[in-house]
Amino acid sequence: MKAPAISVDVHHHLTPDLRQRIIDDVRARMQEPSYRLLSPEHLRELAQLDTGGPALTSLYLQLTPERRTGRAWQTALSALAHTALQLADNAMQKMVRADIGEIERALNDQLPALGRGAAFFVCRERGIWRQIALPIALPDQIRIGTRPYLRPMLRSWGSHDRTLIALLSREQSRFFATHLGTLEEIYRVKGQRIRGMLTDRVPLDRRDAVAASIIKDEAKALAAMAELINREFEASNILLSGSPEMSAAFRGYLSKHLVDRITPFEASIHASPVEIAAAAAPVQQQLRLRAEREVLEALREAVPGAASTGTQETLDCLGAGRVLKLVADDSYVARGIQCRQCQRLFELAQMHTCPCCGSTLLEPVDDLVEAALQQALDRRASVAFIREPDYRVAFAARAPLQALLRY
Ligand SMILES: [Zn+2]
């Protein structure tokens, strides 16, 4: 699908109306019911969803290149449907069958162009339909419940995993959002052709001044757009490609918050998404390493009480709502226990009563990290992953789950 485009020039200033239209467009683009990258706000909205009774089907399906040839995905989908229907009781089977039928129709119509997999959250009875492009291939699975099963997705949801890319030129400017390497064009802005405007009517000695003022106007509009898009997407970095004069003018109108996040890189304004992703990849890798290093330093240098150091201590702080940023070793997998009464999480498998509330309603958790991530999402804590193998070794020596605390 083509990115929406607007024109900003002397005849089309960035009026409040136009500004609102862009916000609405960007928001709609991230929430429309086709295959989209997920915005953080959208993820939080999913986490709040509860049907209050009817079954909601959560389905994760890998769509690797092998799965996309010869409709190989269909076999995997049938297997998932079979598993789900075996587990569901009679009343639920009808709902689940209808949900899966809907998913199959959507995939038959069109496979998502983006990503290495797709997630679906569907409840026909409540009119709920969400399809999301996944940047990494997560294991196939299906869950039936009253709330979306988001845990598998949360491992790809670190605060350093999203980047905004801005390509600026006088003729047109383009904005892209990336999530772990999956890249989508969000907006395209047509600028004005300055040469065409500097006709004989503008005296020769005024042409430089006029050209500079046109660039300034355009940069101001583009900066406002970058702010809007970033507010929706919450990117950790902006990669910027453009001529020195255009880039300088653009920076001049950005808030300090965004200026501090800019890293220059080079890509042609006419490049394809694949070419842009390839040009951005090495820069993103460097930024990710730096961000991981900074998180590790913040943990190491935190005064006592400002960071949790043990895994169980981290889980306790998370349960108490004290965590500001949860930091997880990306490769860590462990089972655990969750109290159904107070929702607290525990490392130990040998427990009969909850040490926090005394309840005996304890249930095993297959993946403690995913459960902790879900809790971080519910409590509006941010999440950072340590993915670099060398850093992981040093980090996990203390504990694979740590946190910077609010208090
Ligand atoms: Zn409890």
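Please read all numbers here as calculations on a predicted model, not as lab measurements. In each ligand, atom 1 is the first atom listed, and ligand 1 is the first ligand listed. These values consider heavy atoms only, across backbone and side chains, with no hydrogens, waters or symmetry-generated copies.
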Provide the protein N, O or S atoms situated under 2.8 Å from the Zn ion (ligand 1); waters are not included. C339 SG, C342 SG, C354 SG, C357 SG
Just so I know, are the side chains of L167 and F265 near enough to count as touching, which here means a heavy-atom distance under 4.5 Å? yes
Is there side-chain contact between L258 and L164, with at least one heavy-atom pair below 4.5 Å? no
Closest non-hydrogen atoms of Q284 and T163, given as atom of the first, atom of the second and distance, are NE2-OG1, 3.1 Å
Does R162 count as lying over the ring of W157, i.e. NZ or CZ under 6.0 Å from the six-ring centre, within 45 degrees of the axis? yes
Between I269 and S169 the two heavy atoms that sit nearest each other are CG1-OG, 3.7 Å
What is the ring orientation for Y60 with Y149, classed by angle as parallel under 30°, tilted 30 to 60°, or perpendicular over 60°? perpendicular
